[in-house]
Amino acid sequence: NFDTRKAVISRYAKQLSDAERGRVAEVTAGLSCRDIKEVCEHAERRFASRVLKGEERRRKVPELQEYLSTAKERLGRYYAAGRGAHGAV
């Protein structure tokens, strides 16, 4: 449910505002808690990679869009494979 997804996101994306965490929770509807954890970790790794490559100098932490785009990519892969959000066939 929404509150559970938001609680998981809050553990990983502490720099986001409450409203921003709510937005990520909306977008991740249908994902498991583990999927949401992995979305957050992937968003943070992708951001860190850009920082290390010198491609990101303006921000010090990932912002909302990083989490949203990563979540949408995850959902897109599941649905493209015909497995639904949880990977079930």
Side-chain angles (χ1 to χ4, degrees):
N1 73 24
F2 176 84
D3 292 329
T4 301
R5 291 191 310 274
K6 189 173 174 184
V8 172
I9 293 158
S10 295
R11 290 187 59 126
Y12 295 94
K14 295 177 181 177
Q15 75 280 10
L16 297 181
S17 70
D18 188 62
E20 289 173 328
R21 290 190 297 263
R23 178 69 183 115
V24 178
E26 290 171 3
V27 170
T28 56
L31 291 179
S32 69
C33 290
R34 181 179 177 147
D35 287 329
I36 294 168
K37 171 187 175 278
E38 290 175 0
V39 162
C40 291
E41 289 174 343
H42 184 84
E44 291 159 5
R45 282 192 305 271
R46 187 163 46 181
F47 177 79
S49 176
R50 285 199 319 274
V51 169
L52 292 172
K53 292 177 186 176
E55 298 170 355
E56 183 65 62
R57 293 188 178 103
R58 180 176 64 87
R59 301 176 293 158
K60 296 193 184 293
V61 294
E63 293 178 350
L64 174 63
Q65 189 56 42
E66 195 78 48
Y67 294 93
L68 293 177
S69 63
T70 303
K72 289 175 183 177
E73 288 171 12
R74 170 70 60 112
L75 286 165
R77 283 194 304 272
Y78 283 150
Y79 288 114
R83 298 183 305 197
H86 290 290
V89 177

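Any value given below was found using the heavy atoms of this structure, including those in side chains, with hydrogens, waters and symmetry copies removed.
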Report all side-chain donor-acceptor pairs from residues 58-65 shorter than 3.5 Å, counting only partners two or more places apart or in another chain.
{"from": "R59", "atom 1": "NE", "to": "E56", "atom 2": "OE2", "distance (Å)": "3.3"}
{"from": "R59", "atom 1": "NH2", "to": "E56", "atom 2": "OE1", "distance (Å)": "2.9"}

- Task: Calculate, to the nearest 0.5 Å, the distance between atoms NZ and SG belonging to K14 and C40 respectively.
- Result: 11.5 Å
- Message: Are F47 and V24 connected into the same hydrophobic cluster when the rule is that any two of I, L, V, M, F, W, Y join if their side-chain heavy atoms are below 4.5 Å apart?
- Response: no
- Query: Is there a path of hydrophobic side-chain contacts, each under 4.5 Å between heavy atoms of I, L, V, M, F, W or Y residues, that connects L31 with L68?
  - Reply: yes
Please output the side-chain donor-acceptor pairs of residues 48-55 that fall under 3.5 Å, not counting sequence neighbours, one pair per line with the distance.
{"from": "R50", "atom 1": "NH1", "to": "E66", "atom 2": "OE1", "distance (Å)": "3.2"}
{"from": "R50", "atom 1": "NH1", "to": "E66", "atom 2": "OE2", "distance (Å)": "3.2"}
{"from": "R50", "atom 1": "NH2", "to": "E66", "atom 2": "OE1", "distance (Å)": "2.7"}

- Item | Closest approach of Y12 to Y67 (non-hydrogen atoms, all atoms of both residues) | O-OH, 4.2 Å
- Item | Nearest non-hydrogen partners of L75 and A29, listed with the distance | CD2-O, 4.2 Å
- ILVMFWY cluster membership beyond F2 - transitive side-chain contacts under 4.5 angstrom: none
- Task: Kindly compute the distance separating CD1 (I36) from CZ (R11), expressed to the nearest 0.5 Å.
- Result: 13.0 Å
- Message: Within this structure, what is the OG1-CD1 distance for the pair T4 and I9, rounded to the nearest 0.5 Å?
- Response: 10.5 Å
- Donor-acceptor pair, side chain of R21 and main chain of L16, under 3.5 angstrom: yes
- Note on the structure: Residue pairs passing the salt bridge (charged side-chain N to carboxylate O under 4.0 Å, His left out) test with at least one member in residues 67-76, sequence neighbours excluded, are D35-R74, E38-R74, R46-E73
- salt_bridge(R23, E20) N-O dist < 4.0 Å: no
- Would you please name every residue forming a side-chain contact (heavy atoms from CB on, under 4.5 Å) with D3, sequence neighbours left out? N1
- Note on the structure: In terms of heavy-atom contacts, A71 and T28 come closest through CB-CG2, 3.7 Å
